[in-house]
Novice: 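I'd like to ask you about the structure that follows.
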2 protein chains.
Amino acid sequence: MVAGPESSAKVHLAKDIPPATVARLTAYLRVLGVLVDEGTLIVSSEELAAATGVGSAKLRKDLSFLGPNGVRGVGYDVARLRARIEIALGLDQGHRVVLVGIGNLGRALAGYGGFGRRGFTIVGLFDNEVDLVGTAVGPLLVRDVADLVPACAELDPTIAVIAVPDDAAQAICDRLVEAGLRCILSFSPVALRVPAYVEIRRVDLAVEMQMLSFSQARNAEVATRAGEDSPSLRSTGLMGRGPELHAATTNKGSVVRQ
Amino acid sequence: MVAGPESSAKVHLAKDIPPATVARLTAYLRVLGVLVDEGTLIVSSEELAAATGVGSAKLRKDLSFLGPNGVRGVGYDVARLRARIEIALGLDQGHRVVLVGIGNLGRALAGYGGFGRRGFTIVGLFDNEVDLVGTAVGPLLVRDVADLVPACAELDPTIAVIAVPDDAAQAICDRLVEAGLRCILSFSPVALRVPAYVEIRRVDLAVEMQMLSFSQARNAEVATRAGEDSPSLRSTGLMGRGPELHAATTNKGSVVRQ
DNA sequence: GACTGTGAATCTGTTCACAGCG
DNA sequence: CGCTGTGAACAGATTCACAGTC
């Protein structure tokens, strides 16, 4: 009965949630957004799990870390569950993001609609290329990276994204830390050194390709059984929703086939 | 004694390597590349681990899955180890990659030097935008996505990358499977449905941001102890190498601080 | 009856500490 | 003596099965 009709009462949760669960909560959130748009009010663990590509038991366990959220015999209130997850992830306040490095990747990130839709607002763009500084990318002007520290004082960002060439990454990272940033997402494969109080995550695009390469190598090795057996497209019924809900995909650890 | 002086004798390994290890092998590989460029011949587990941001015990265990690769009391032969990892990951043959969706992200991927350097050659670019078809992106011309299946027969790719809008992702994915692709990397957050024999990995850029958001929320909750304590920049000595080798970064599971 | 929430069992990954070897 | 390679202890994540509740 902990589930009173609070709206943003900060139920003090969000403390002991395992990292693996956090990673999946974001996936549930996305699907819940689609369901809200469709006007769906209630969803069962089975349905939500199928739409996200995980097992239903895992999903229930994940959600249980946020406290009781569903109604037994019925399912989960879509809107309420979404709000609950957003609070747990700290997304309810929104985030102000600065992006450093406006090459192709930076541009792609700046234009990526998925961010805005999920509570991330890009508030600053930086680059060191003189030709680029002052030009508009979307609704923002690119600033000189030399002004990073003072500009951050003004912009008050909570998250920084690094999308600069490898050899510049550490210097930019240092500057960001100096500017007071505590959460940094880097797209450079180099291991960045930061003080312990700074949270840094790295996305290395080549890693994903290499993991694919490995599984191909493994499969090729087992035999060249190019047999077209096993269609096995999980069809869990109940899935006749939008044209955007599909089941069964890997997530992150590896080849999590379910 | 298994370690004879073979060059590419396919030691039949690469079978039972845990996924978590595979993910890290790619990181070691990158650092080894830097070391080779610098002319370093021998590296110890301690050094390599520091440069990659993992613990040395973990590194040794990871490498042990490939068989004995080092010399006790000395360390690892840089060039030999690199070759060994490349074989294990199936990178020694190289990979032919087709890229579907030439928006900002696709363009960023097409221009990303990290791929070529690591054995991935982009051999085909596809989009459905008429204005784009026929234009050059780097050394390649963009092809019409309608020609995907016949073009793949000609290009013989081993990996496909999907960088199209969310609502087109499943259709493109189906087309790629039809074209015979078995390894697909998708940048769309939607869970794609594929036959069981197809390996698919998903990279959701928003997930990483949301995980950062979570850790910030957690930290803010514990208290606003903005204390500037703990500088703790691991400095393991032995690190006076290039300007590109740094230590201590998270990897993937979460906040793997070491 | 249906579906959630969860302890208990299992599996996977990490850490430790040391034996084994050059 | 130093460093690799690894069994054994440990921690974390997943799966199972069912008790609890509407």
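Reminder, nothing fancy here: chain letters follow the sequence lines and each chain counts from 1.
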Novice: Which residues pass the side-chain contact (heavy atoms from CB on, under 4.5 Å) test with B:S45, sequence neighbours left out?
Specialist: B:S56, B:L59, B:R60, B:Y76
Novice: For A:T26, check side-chain contact (heavy atoms from CB on, under 4.5 Å) against everything at least two apart and list the hits.
Specialist: A:L89, B:V207, B:Q210
Novice: Taking atom P of D:dG12 as reference, at what distance in whole Å does atom NZ of A:K58 sit?
Specialist: 17 Å
Novice: Rounding to 10 degrees, work out the angle separating the end axes of the helix from C:dG1-D:dC22 to C:dG22-D:dC1 (five pairs an end).
Specialist: 0°
Novice: I need the CD1-P distance between B:I17 and C:dT12, as an integer number of Å.
Specialist: 16 Å
Novice: In whole Å, what is the span from the CG atom of B:L59 to the P atom of C:dC16?
Specialist: 15 Å
Novice: Quick one: CE on A:M209 to OG1 on B:T158, what's the gap to the nearest 0.5 Å?
Specialist: 8.5 Å
Novice: Pairing donors with acceptors under 3.5 angstrom, does anything connect the side chains of A:Q216 and A:S213?
Specialist: no
Novice: Could you list the residues that satisfy salt bridge (charged side-chain N to carboxylate O under 4.0 Å, His left out) with B:D204, not counting sequence neighbours?
Specialist: A:R118
Novice: Roughly how far, to the nearest 0.5 Å, is the OG1 atom of B:T21 from the CZ atom of B:R24?
Specialist: 5.0 Å
Novice: For A:D16 and D:dG12, what is the distance between atoms CG and P respectively, to the nearest whole Å?
Specialist: 11 Å
Novice: Got a sec, which residues hit side-chain contact (heavy atoms from CB on, under 4.5 Å) with B:V36, two or more places apart in sequence or on another chain?
Specialist: B:V78, B:R82
Novice: Using a cut-off of 4.0 Å between protein heavy atoms and nucleotide atoms, how would you tag nucleotides 3-11 of chain D 5' to 3' with B, S and -?
Specialist: BBBBBB---
Novice: How are the rings of A:F115 and A:F120 set to each other: parallel, tilted or perpendicular (split at 30° and 60°)?
Specialist: perpendicular
